[in-house]
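Note sheet for the following structure.
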Amino acid sequence: MRLTHAPLRIAIGAYILNSGLSKRTLEGEAAAGMHGMAVGALPQLRQIPPDRFAMLLSRAETALGVALLAPFVPSLLAGAGLTAFGAGLVQLYLKTPGMREGTSLRPSQAGIGLAKDVWLVGAGLTLVLDSLTRRRR
């Protein structure tokens, strides 16, 4: 990990790790609510039971958080994971009814929480692009 990547990776890694750890015990209505929102954006997820979905999401977030925090994980790999994760959240924002004002990209009051996740895509792409451009030099 480059020293200049550390602040970005530590801040986002800690946030995502905490999010993943907090989902470890999700069951019942909480898991069903999260699953229902995800199914609205990605209908293929309907095949996964809500409790299993919550467990898989918890593990994925935990793994991504650890990868961002671990200095031995290359920024290219950590950035690619962060970009993919962020893109999934942006897709959830774009496809969930009521998250945007009409047909615009502007978030509704309900969508502000998801719309802000676009910064994860930007941060992930920054790590990827910096890693790729440094290799060419």
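Surrounding CZ of Arg2 are more than 12 heavy atoms belonging to other residues, nucleotides or ligands, all under 6.0 Å away.
Rounded to the nearest 0.5 Å, atoms CZ (Arg52) and CG (Leu57) are 12.5 Å apart. To the nearest 0.5 Å, the span separating CG on Leu120 from CG on Leu82 amounts to 5.5 Å. Atom CZ of Phe72 is separated from atom CG of Leu77 by 10.5 Å, given to the nearest 0.5 angstrom. Taking CG of Leu42 as the start and CE of Met37 as the end, the distance is 11.5 Å to the nearest 0.5 Å. Rounding to the nearest 0.5 Å places CG of Leu89 at 7.0 Å from CG of Leu114. To the nearest 0.5 Å, atoms CE (Met55) and CD1 (Ile48) are separated by 9.5 Å.
In terms of heavy atoms, Ala87 sits closest to Val121 at N-CG2, 3.5 Å. Contact between Ala115 and Pro107 at its shortest, heavy atoms only, is CB-CB, 3.7 Å. Contact between Lys95 and Ala41 at its shortest, heavy atoms only, is CD-O, 3.2 Å.
Under the 4.5 Å side-chain heavy-atom criterion for grouping Ile, Leu, Val, Met, Phe, Trp and Tyr, Leu125 is not connected to Leu76 through any hydrophobic cluster. In this structure, Val128 is not a member of the same hydrophobic cluster as Trp119, with clusters built from ILVMFWY side-chain heavy atoms closer than 4.5 Å. When hydrophobic clusters are built by joining Ile, Leu, Val, Met, Phe, Trp and Tyr residues whose side-chain heavy atoms come closer than 4.5 Å, directly or via intermediates, Leu8 is grouped together with Leu64. The hydrophobic clustering, which links ILVMFWY residues whose side-chain heavy atoms are closer than 4.5 Å, places Leu26 and Leu45 together. Residues Ile12 and Leu69 are members of separate hydrophobic clusters, defined by side-chain heavy-atom contacts under 4.5 angstrom among Ile, Leu, Val, Met, Phe, Trp and Tyr.
The main-chain N or O of Glu101 is never found under 3.5 Å from a side-chain atom of Ser108 such that the two would form a donor-acceptor pair. Remark: side-chain polar atoms of Ser58 are not paired, donor with acceptor, to backbone N or O of Leu21 under 3.5 angstrom. Side-chain N or O atoms of Arg9 include none that pairs as donor or acceptor with a backbone N or O of Thr4 at under 3.5 Å. Counting only distance, with no hydrogens or angles, the side chain of Arg59 and the backbone of Gly20 share no donor-acceptor pair below 3.5 Å. Looking only at distances, no side-chain donor or acceptor of His5 sits under 3.5 Å from a matching main-chain atom of Pro74. No donor-acceptor pair under 3.5 Å is formed between the side chain of Ser75 and the backbone N or O of Leu127. A donor-acceptor pair is defined here as one N or O able to donate and one able to accept, closer than 3.5 Å; such a pair exists between the side chain of Thr126 and the backbone of Gly122. With hydrogens and angles ignored, the 3.5 Å screen pairs a side-chain donor or acceptor of Arg100 with a backbone N or O of Leu94. With hydrogens and angles disregarded, a donor-acceptor distance shorter than 3.5 Å links the side chain of Lys116 to the backbone of Gly113.
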Kindly determine whether Asp117 and Tyr93 satisfy side-chain contact (heavy atoms from CB on, under 4.5 Å), including the steps that lead there. CA-CA 9 Å; Asp117 290 331; Tyr93 165 71; over 6 Å; no

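Counting heavy atoms from C-beta on, the side chains of Phe53 and Val39 never come closer than 4.5 Å.
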